[in-house]
Amino acid sequence: MGIGELDREAHVPEATSAGAAPRTLAEALRARDDEGLAALLRARPDLLSPVPNDLTQLATRAGTRGSVVRALERLDRFALQTAEALAVAPDPAPYPVLLALLAGDEGDPAIEAALPGAVALLREQALVWGEDDRLRLVRTARELLAPSAQHPSPTGLGPTVAEATAGMSPGRVQEIIAAAGLPATHDPVSAVAALTELFTDRARMGALLDEASPEALSVLDRLVWGPPYGEVTANPAPPVRWLRDRGLLLPVSARTMVLPREVALHLRGGRAHRAPEPVAPVVEVAREYRPQVVDSAAAGQAYTALATVEELLKSWDQGGPQVLRAGGMSVRDLKRTAAALDVTEQVAAFWLELCFGAGLLASDGEADERYAPTPAYDEWLDLPPAERWARLVAPWLTATRAPGLVGGQDAKGRTLAVLGPDLDRGAAPEARHRVLELLATLPPGAAADPGTVFARLRWERPPRGAAQPVPPRAPQAAARTDETTGTGTGTRPEVHDDLRSRLARWTLAEAELLGLTGRGALASPARALLNLPLAEASTPTDHGGRVELSVAAGRAATLLAPLLPEAVDHVLLQADLTAVAPGPLRRPLADALAVLADVESKGGATVYRFTPGSVRRALDSGRSASDLHDFLAAHSRTPVPQPLAYLIDDVARRHGHLRVGAASAYVRCDDDAVLGEILADRRSAALGLRRLAPTVLAAQTDPASLLDGLRSMGYAPAAESAEGDVLVTRADAYRTPARTAPAPVPEGPPVPDTTLLGAAVKAIRAGDRAATAVRKEPAAPVASAGGLPRTSAAETLATVQAAAMTGTAVWIGYVNAEGAASQRVIAPVRVEGGFVTGYDHTADEVRTYPLHRITGVAELADDQV
């Protein structure tokens, strides 16, 4: 829609007289106070980019198609139904007419109670303007919601009688009114008016339908709630002909008939919608638990989340999977990760995306690009458990990436990869917040019924295109009439699972994995994270306004900390070469034990198993046998079992007996019999060994492969340097360069804060004052392009000097150094040196202007001074 089409709504600059009804949307906005303008800009932040020059420009922008579409998509179901009813009502529509369209002939107390709020919401968002006796829907919204052959109305209504008969011949119109029992008229306009009056008169319309056969009424019943279009044959059945002859069905084309809007409303009892929903669905309770049980269950999940993230990233200490050329991880690597974590691929994708969003995981940026932990991961490991949890959930709450999309397809049919592009959805943060807020409306310890949560979300943000009739002549949906009976059949489109519902479903599952909920109920740390009142908070919180997410996350961590199991500094050594950790181990002990033993099982108590390979790994890291004995004795509540001591001593005795160096590679040993055994072993054939000396073997493979080959044969070789010293393999982890966490990708402009709203309203008011100020015309005005005043230099100087002496404001035309022309209202305070300094009402600040750039000046009218 062009600017010219918005003239009636936006482009009348004259101010509205006191008490007069607004004639345009701009006048309606001009009558608002600052709080009303701020509410509009808060609800529709796209109107602020950039800040409008005045209220006329704001009204024009509020009527553009893109902005109106965004505003309609954010309405709740009843507000949207109200706008849809206005789109099929006369323009303008009195409030009683709108109420009748929604409540019907019998009325509905719930609709009567909810309608004022819905109209107020539409007014606040500048989708509706005018007083209650002349409600007007913004032109663009009417075009989007009004029924047409190309864009059926969500109400299922068709065109009016006047619209459906627009191309009909005058003779045919006269035939219709004659068949309906109406007197002939002299012109088609009065004939259409008479037919419309008949269809809107309940008594006369009822009498006409009493004459219809049951088959004809059946045809109307199939069309009444939409789609209102039906296909007919070249020789329709008698019931269809009867309806057609009386205008109860009107032709759209040679094969398509439509049910006029007035007829449908009569059959519906005056309702525009089949099922108005004035009241939001209530979130119901599925089960109730004691709040302490919920908090304990949530804390257990939070601890599991920390352990899972640590296990995942520790397994990538030496570098993770390769990055695909198009970005992200391959399906094979995702399956391996899921198997290692013993979870499904979808859950593994969530943990990967969580680490990525928290800045703990990134690509290394090398030529052979791989994923690896970031330096922030090491900092994260040093934090207390509760703070580590807060560092995970805070980014999750604001992240726009949706792990649930992994495995699906994009618009081009390509599979969406975990950690790859195209996973951002701007609606994700809002959906997560709203789901958790709905859970918070229930009593502490109450788990919500997921179905009612989804129903509430669909009411608050109806899915785009939900329950709308499909266009006419579509084979799968258009009503069809049978040749003999005239009965029609129609199908209504299904309401598909929209993105917001899927985001809500994923949110419930992810919140449980993170420990924000326990057994489906919101836990106390989650309430603190959302800055909501707590059931049993130990620390006071300020719930009067929103706080920074980092502050809220700190409060949540404070509440979670006492619920997490305390870290222990000991293990229980068993005679079967295992060690049992009765709880989470402290960081130095956990790191050292992870090198010395392998994790066998997890749960409430972690079981570690000692093997020759794990002991050799500890010896390779620089530990000696005595160091390992001392370590176990110091951290075990039970004596060191003899089998474990023998295992350590046996591996240590053989460790380093063989030495591998670079020749390409060589093996040397003081015991030539051992080298003879290696040469005689068939498994050594692949290493390409040959004896150089009684104590030295040369290999055709590299040292690393030689070490692995000998270890697979049961030996315990050690690597040595060029100087002959044993190389110690420290457990240093590979890290990416410093990386920042990915920034969320918003769905649109962010909601402006109070400071920005105040400044924007003040700027718009100032610009509007300059644009609508009434000027005194000069005695001999000179026309100029662009509407700028034109006065001579002498007249300009004299006028601004007089205004400076009297303290009055004047209207000036000004051209800046870039050649941009503008109009301003200033109050001069000083004129000297070729410059005028004054208070600029347009910019709301004191400015100085060169006199030679002022094209002209005019005094304001007396009532504007």
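Computed from a predicted structure; not experimentally measured. Just so you know, residue 1 is the first one in the sequence shown, and it goes up from there.
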### Query
Between W389 and L514, is there a donor-acceptor pair closer than 3.5 Å when you use the side chain of the first and the backbone of the second?
yes
### Task
Examine distances only and state if a side-chain atom of W380 and a backbone atom of R388 form a donor-acceptor pair shorter than 3.5 Å.
yes
Q. Does any N or O in the side chain of T400 come within less than 3.5 Å of the main-chain N or O of R425, such that one atom is a donor and the other an acceptor?
A. no
Taken to the nearest 0.5 Å, the spacing of Y371 OH from F356 CZ works out to 6.5 Å
_Show, in sequence, the C-alpha distance, side-chain angles and deciding distance for R74 and E430, and conclude whether the salt bridge (Lys or Arg N to Asp or Glu O under 4.0 Å) test is met._
CA-CA 12 Å; R74 299 188 68 82; E430 181 191 1; 3.4 Å; yes
Q.
Taking E73 first and then R70, would you say they form a salt bridge - that is, a charged N and a carboxylate O separated by under 4.0 Å?
A. no
Salt bridge (charged side-chain N to carboxylate O under 4.0 Å, His left out) filter on D422, not counting sequence neighbours, yields none
Review point. S363 side chain to E369 main-chain N or O, any donor-acceptor pair under 3.5 Å?
Key: no
Margin query: Strictly distance-based, threshold 3.5 Å: is any side-chain N or O of T452 a donor or acceptor partner for the main-chain N or O of E284?
Written below: yes
Between the main-chain N or O of L312 and the side-chain N or O of S315, is there a donor-acceptor pair closer than 3.5 Å?
yes
Rounding to 0.5 Å, atoms OG1 (T507) and CG (L438) come to a distance of 11.0 Å
Check your understanding: Looking at R456 and E460, does any basic side-chain N land under 4.0 Å from a carboxylate oxygen?
Key -> yes
Treating R44 as the side-chain partner and Q125 as the backbone partner, does any N or O pair qualify as donor plus acceptor under 3.5 Å? yes
Worksheet item: Does any N or O in the side chain of E512 come within less than 3.5 Å of the main-chain N or O of R519, such that one atom is a donor and the other an acceptor?
Response: yes
- Query: Any Lys/Arg nitrogen of R458 or E277 sitting under 4.0 Å from an Asp/Glu carboxylate oxygen of the other?
  - Reply: no
The reported gap from CZ in R739 to CG in L361 (rounded to nearest 0.5 angstrom) is 11.0 Å
Value for CD (Q81) from CG (L145), rounded to nearest 0.5 Å, stands at 12.0 Å
In this structure, CG of L423 is separated from CZ of R401 (nearest 0.5 Å) by 4.5 Å
Taken to the nearest 0.5 Å, the spacing of T611 OG1 from L596 CG works out to 9.0 Å
Does the side chain of S614 pick up a donor-acceptor pair with the side chain of D598 at under 3.5 Å?
no
Is the shortest side-chain N to carboxylate O distance from D317 to R735 below 4.0 Å?
-> yes
When every non-hydrogen atom of A594 is compared with those of K314, the smallest separation belongs to CB-NZ, 4.4 Å
With sequence neighbours left out, the residues meeting salt bridge (charged side-chain N to carboxylate O under 4.0 Å, His left out) with D569 are none
| said: Check whether E353 reaches the backbone of L419 with its side chain - one donor and one acceptor, N or O, closer than 3.5 Å. | reply: yes
key: Residues T155, E84; criterion side-chain hydrogen bond (donor to acceptor under 3.5 Å, both in side chains); working and verdict   = CA-CA 7 Å; T155 61; E84 292 165 355; over 6 Å; no
Smallest heavy-atom separation, P395 atom then G357 atom, equals CB-O, 3.8 Å
